[in-house]
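Written below as structure tokens is the structure these notes are about.
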Amino acid sequence: MEYNFREVEKRWQAFWAENKTFRAEDRSSKPKYYVLDMFPYPSGSGLHVGHPLGYIASDIFARYKRLKGYNVLHPMGYDSFGLPAEQYAIQTGQHPEITTKTNIARYREQLDKIGFSFDWDREVRTSNPDYYKWTQWIFIQLFNSWYNPETDKAENISTLIEKLRSNTLSFGEGRGEAFSSLSEKEQSDLLLEHRLAYLSDTMVNWCPQLGTVLANEEVKDGVSERGGYPVERKLMKQWSMRITAYADRLLKDLDGIDWTESIKEAQRNWIGKSEGTSLKFKLQSSAEVIEVFTTRPDTIFGVSFVTLAPEHELVSQLTTPQQKTTVDEYILFAKNRSERERMADVKKISGVFTGAYVLHPFTGKQIPIWIGDYVLAGYGTGAVMAVPGHDSRDYAFAKHFDLPIIEVVTGGDLSKEAYDAKEGKLINSDFLNGLEVKAAVKKAIAVIEEKSLGKGKTNFRLRDAVFGRQRYWGEPIPVYYENGIPKVLDENELPLVLPEVDKYLPTETGEPPLARATNWKYKPKSPFEGGKGDDAYAYEHSTMPGWAGSSWYFLRYMDAHNRKEFVSKEAVDYWQNVDLYIGGAEHATGHLLYVRFWTKFLNDLGLIPVIEPAKKLINQGMIQGVSSFVYRIENSNKFVSIGLKKDFETTALHVDVNIVNNNTLDIDAFKNWREEYKDAEFILEDGKYICGSEVEKMSKSKWNVVSPDLMVEQYGADCLRLYEMFLGPLELSKPWNTNGISGVSNFIRKLWRLYQKDETFSVSNEAATKPELKALYKTIKKIIHDIENFSFNTSVSSFMICVNELTDLKCNKREILEPLAIIIAPYAPHLAEELWKNLGHTETITYAAFPECIESYLVESTFSYPVSFNGKTRFFQEYDLSLNKEQIEKEVLTLEQTQKYLDGKAPKKVIVVHNKIINIVV
RNA sequence: GCGGAUGUGGCGUAAUGGCAGCCGCGCCAGACUUAGGAUCUGGUGCCGAGAGGCGUGGGGGUUCGAGUCCCUUCAUCCGCACCA
């Protein structure tokens, strides 16, 4: 009886759904294990074969853990707010909610076909009001919190107000003297400078085409990540998240989590901690000072000019009348350059002299002040002390404008380039002379601090995250404005539901789409209810960014239906955090940083017991598409096969990979593919049309998308699962090809046949032989090792070896085949369930016990030693494993073969490695 | 520029410092056959008739022994980047 995967897979999928087989228990005596996939954005084009790669791996792991006796939480949901649905809505007028629902339904259907063991009762959708109510609630907690540097954690804003009132603030600029006497608006403004969710005038990445601001992570090479539109810098009143308060903890806690080194490094880079010193330079002409930040205070005597960012606040004040026109022109020039232009000519040096001077803090010498756009306004103090001898950017600037270059550290050749290395001895440096760089840095800081010229300081590259989006399809920010003062809603007023609008575009006056909503105003309580009963107040019109909902979803799965809390204490105390998180590496500095930030914040408030969202993270590689091309001869409807195309002027056109087999075009299918090709003519080679191919990102527009549905239809879900794992190491990116899938398909049939006798299902109850037991237990050992090391490709290969061996042994015994069904169940669950049932079990295989590895079946009494001479293996000799090294050495030297290879010479040394190898050195 | 990764047959890949190429695809030969893109058997790194030699991007080193460890260099991919 052949294995009918279509019938079997459908039947078991129905069984699992009906019996809620994969439901995680909230209370259990079993140890817990939480396996999470990064939830998908439900796009209109459905899943392609790349999506399931990570899901299959996590599903295997989840199923394995269930067999190992764990209470496994393995949920799935949808990150369903986002730009594509909104873009589509703008084009078609279709409400994003409708397209989102349709897309989700399609995703669900596709996911179900692959046989994932998700606990669907816990599904979450970020665009669902029951969900975003709590996203808004967390926003309110962030608004109501500030970061107390003394306790090094977030606290309720009331503790700050208390400090301001009692004038006991021991840090900051001491602006709280008369807090109580400030107006409500002034108090609000002051508090906004401390709240973790705050409103401020911020330089934002503004994308005119998308009509919204973007976070730094959403801008790549000066253009928007989505759409690729130009992005410019613009000052706007914006909601932001004070993630910088957590910079140090986000950095430090990386050491405690088992994430890939590349992700951790990307985050370290992004946070960009740098330790140095602030240093004040007094202006020559006034009492004002320019403060700079430097990591090389040791080079202080090498300063030959000071450079300010064009946006620096002192620029207009210190520029001399003679230089004013030049400087103003330069500032205008710098301002109008888009980010993209600035990045494009990083190498081009531009700047102007202000005409003003500062005094060197130690020598008192005059130092010219320049303006240059290589200095960034947003980093440090927006001003640098230029040491052209030992900083390559200062060097380039000095060379370009012919400014002096002073050598203060030995070791370089300043006529050629700057010497940036942090080694060498200090020269021309007064009290630092003769010191090594490291010692000089220490000494310089000490002297600077002693003379109150500045102090040790840490800077981060990390910026606060802009949180508002001028978009429709996102969570409304639960804020209204009362006389210009932002106020958050009460918890019982949540969710603030996304209102209906007539169009999904900004208003004519450039307001976000939410400004189109009619009657969408905050109505305060009437005087009868104890309120003031004034006018209705305007709500905030921007919405939250895509990463808001995904920054805490891992918590919601623990308690998905809780109507009173975002997650109950009981649930989070039990489930803690994610044990295994699998997803793409593209979220390294976006989602994965924000989710860590919110986790730490919620922990500070005592709402959850963990400081990190996931203990272990694995990034699956990307599956790329292999595009196929046909070559159309210019001005014709004639296509030439790739081998002959050099004789013609041709245009390469993408062709649907589904009508190309092994680079050979299905000509009839091509003619039917599109009306315009109905009468196409072809120039063939060897009677075939051969297409060209190229590896590209899998995308609809490149016609290289392979949907998992087709694979499932043709080979079955188990085959797809095994094959995707068999492709190679999980972390590796690879182009999709189905060249090897027949091997996996054959393997499944071969495995099925092991359980058959005379064309029907039948296993024997005879006792297994030693070689049979060895074949099985060797595999069990390997599979346990492989799964626990996430080496799924090698485990598929081990299954193949095992089935090959058992086939050779003609093994048909229950003692072997029953455990075999269990160990393969995580990989090929449908097949395993069917075998399990046929073996006479009435329960699902999901909770069977994973077999222990019994080492005694693997013990051998002899070993066939490779005997090598000078490292080259010459022959094999079997010895009893009870023999010790000396005995083997003695034995092996008496062999005729050995004598032959020794060729009369005396062995210099004989190395015997027990159970491994014999090496004779001549 | 900084950081991370990866280089092994025709292809995807495998090898706790111990026989390089497991497993699979492809290919070659054969068996069976109601001629199928089924199934089964054998072969398949390169050079060589053979004995044998050479082989894990290149060059050094450590070691009895290196794909694996160290140094160096090249190539490809990814992330960050006038961050003082």
Side-chain angles (χ1 to χ4, degrees), chain A residues 2 216 220-221 260-270 272-274 276-277 292-296 299 307 309 342-343 345-349 372-376 378-387 390-394 396-397 420 459-463 585-586 588-589 619 621-622 661-662 722-723 726-729 731-735 737-747 749-750 753 785 791 793-804 807 864-876 907-913 915-922:
Chain A
E2 278 294 301
N216 289 343
K220 294 259 142 64
D221 302 322
T260 54
E261 202 46 42
S262 67
I263 293 278
K264 288 204 213 179
E265 266 313 303
Q267 294 210 346
R268 286 188 194 111
N269 269 331
W270 191 262
K273 183 174 184 170
S274 94
T277 320
V292 303
F293 172 76
T294 179
T295 55
R296 294 292 304 274
T299 61
T307 317
R342 256 183 89 152
M343 282 181 174
D345 29 70
V346 159
K347 296 265 144 50
K348 261 192 214 155
I349 293 149
D373 71 353
Y374 79 96
V375 178
L376 304 175
Y379 183 76
T381 60
V384 301
M385 59 174 223
V387 184
H390 306 284
D391 180 286
S392 53
R393 295 149 304 172
D394 297 342
F397 197 83
D420 312 31
N459 261 323
F460 293 95
R461 208 188 63 94
L462 184 71
R463 292 286 98 91
E586 66 273 18
T589 53
N619 303 117
M622 203 173 32
N661 192 1
N662 251 329
L722 285 165
Y723 183 62
F726 189 60
L727 276 174
E731 296 91 335
L732 228 68
S733 286
K734 49 233 152 188
N737 74 73
T738 51
N739 292 346
I741 201 165
S742 62
V744 176
S745 179
N746 288 345
F747 157 74
R749 281 201 292 267
K750 205 166 170 181
R753 278 200 298 272
H785 176 266
S791 177
N793 55 326
T794 52
S795 37
V796 177
S797 137
S798 302
F799 285 128
M800 290 176 173
I801 295 169
C802 181
V803 168
N804 288 346
T807 304
S864 176
Y865 284 90
V867 181
S868 57
F869 292 78
N870 292 337
K872 286 194 172 65
T873 306
R874 298 299 180 180
F875 61 90
F876 291 87
K908 223 183 255 171
K909 202 171 173 186
V910 179
I911 289 132
V912 178
V913 184
N915 211 358
K916 279 266 159 62
I917 200 165
I918 299 167
N919 190 19
I920 298 171
V921 186
V922 187

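Below, chain A is the first sequence line, B the second, and so on; all start at residue 1.
Rounded to whole Å, the separation between the P atoms of B:G57 and B:A66 comes to 15 Å. One C1' atom belongs to B:C11, the other to B:G61, and the distance between them is 34 Å to the nearest Å. When the C1' atom is used for both B:A81 and B:C64, the distance is 48 Å, rounded to whole Å. A gap of 13 Å separates the P atoms of B:G58 and B:G7, to the nearest Å. Rounded to whole Å, the C1' atom of B:A20 lies 13 Å from the corresponding atom of B:U13. Nucleotides B:U68 and B:U8 have their P atoms positioned 14 Å apart, rounded to a whole Å. With P as the reference atom, B:G10 and B:C47 are 9 Å apart, rounded to whole Å. Rounded to a whole angstrom, the distance from the C1' atom of B:C22 to that of B:A5 is 25 Å.
The pairing partner recorded for B:G65 is none, the criterion being a Watson-Crick or G-U wobble arrangement whose two distances lie under 3.5 angstrom. The nucleotide B:G50 finds no pairing partner, because no Watson-Crick or G-U wobble arrangement with both distances shorter than 3.5 Å includes it. Applying the Watson-Crick and G-U wobble criteria (two distances, each under 3.5 Å), B:C23 pairs with B:G12. Pair check for B:G79 finds B:C2; Watson-Crick or G-U wobble, both atom distances under 3.5 Å. Across all strands shown, B:U33 has no partner, as no Watson-Crick or G-U wobble contact with both distances under 3.5 Å is found. When both pairing distances are held under 3.5 Å, B:G42 makes a Watson-Crick or G-U pair with B:C28.
In this structure, the side chain of A:Asn919 engages the main chain of A:Gly871 through a donor-acceptor pair within 3.5 Å. Between the side chain of A:Arg874 and the main chain of A:Val867, no donor-acceptor pair closer than 3.5 Å is present. Of the possible donor and acceptor atoms, one in the side chain of A:Thr807 sits under 3.5 Å from a partner among the backbone N and O of A:Val803. No side-chain donor-acceptor contact under 3.5 Å links A:Asn619 to the backbone of A:Thr260. Side chain of A:Gln267 to main chain of A:Thr589: no donor-acceptor pair is present (N/O by atom type, distance under 3.5 Å, no hydrogens or angles). Of the possible donor and acceptor atoms, none in the side chain of A:Ser868 sits under 3.5 Å from a partner among the backbone N and O of A:Thr873.
Nucleotide B:A81 holds its P atom 11 Å from the CZ atom of A:Arg463, rounded to whole Å. Rounded to an integer number of Å, the gap from NZ of A:Lys273 to P of B:A81 is 20 Å. When the C1' atom of B:U63 is taken as reference, atom CG of A:Asn870 falls 13 Å away, rounded to whole Å. Between the CD atom of A:Glu261 and the P atom of B:U6 there is a distance of 12 Å, rounded to whole Å. The distance from atom CE of A:Met622 to atom C1' of B:U6 is 15 Å, rounded to the nearest whole Å. One interatomic measurement links the two molecules: CD of A:Glu731 to P of B:G4, which rounds to 17 Å at whole-angstrom precision. As rounded to whole Å, 13 Å separates atom P of B:C2 from atom CZ of A:Arg393. Atom CG in A:Asp394 sits about 7 Å away from atom C1' in B:A84, given to the nearest Å.
Side-chain N/O atoms of A:Asn459 and A:Ser274 include no donor and acceptor closer than 3.5 Å. At a cut-off of 3.5 Å, with distance as the only test, a side-chain donor of A:Tyr374 or A:Asp394 sits close to an acceptor on the other residue. In summary, the side chains of A:Asn804 and A:Lys750 do present a donor paired with an acceptor at a separation below 3.5 Å, with no hydrogens or angles considered.
Note: A:Phe293 and A:Tyr379 have perpendicular aromatic rings, judged against thresholds of 30 and 60 degrees for the angle between ring planes.
The side chain of A:Ser274 contributes an N or O atom lying less than 4.0 Å from OP1 or OP2 of B:A84. For the pair A:Lys909 and B:C64, the criterion of a side-chain N or O lying under 4.0 Å from OP1 or OP2 is met. Close to B:A84, at under 4.0 Å from its OP1 or OP2, lies no side-chain N or O of A:Tyr374. Of the side-chain N and O atoms in A:Arg461, none sit less than 4.0 angstrom from OP1 or OP2 of B:C80. Distances shown here put every side-chain N or O of A:Asn793 at or beyond 4.0 Å from the OP1 or OP2 atom of B:G12. At the phosphate of B:C40, OP1 or OP2 sits under 4.0 Å from a side-chain N or O atom of A:Arg753.
Glycosidic conformation of B:G7: anti, with the torsion beyond 90° of 0. In B:G36 the O4'-C1'-N dihedral to the base is within 90° of 0, which defines a syn nucleotide.
Within the 4.0 angstrom heavy-atom criterion, no nucleotide atom of any strand lies near A:Lys908. Note on A:Ile263: nothing from the nucleic acid sits closer than 4.0 angstrom, heavy atoms only.
Of the residues near RNA chain B, A:Ser733 and A:Gly272, the one whose nearest nucleotide (by heavy atom distance) lies more toward the 5' end is A:Ser733. Sequence order on RNA chain B of the closest nucleotides to A:Lys872 and A:Gly378 puts A:Lys872 first from the 5' end.
Looking at the side chain of A:Pro729, the nearest of the listed nucleotides B:U13, B:C80, B:A38 is B:U13. When the nucleotides B:G3, B:A84, B:A14 are ranked by their closest atom to the side chain of A:Asn269, B:G3 comes out on top.
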Contact string for nucleotides 17-31 of chain B, one letter per nucleotide 5' to 3', B = base within protein heavy-atom range under 4.0 Å, S = sugar-phosphate only, - = neither, reads -BB--BBSS------
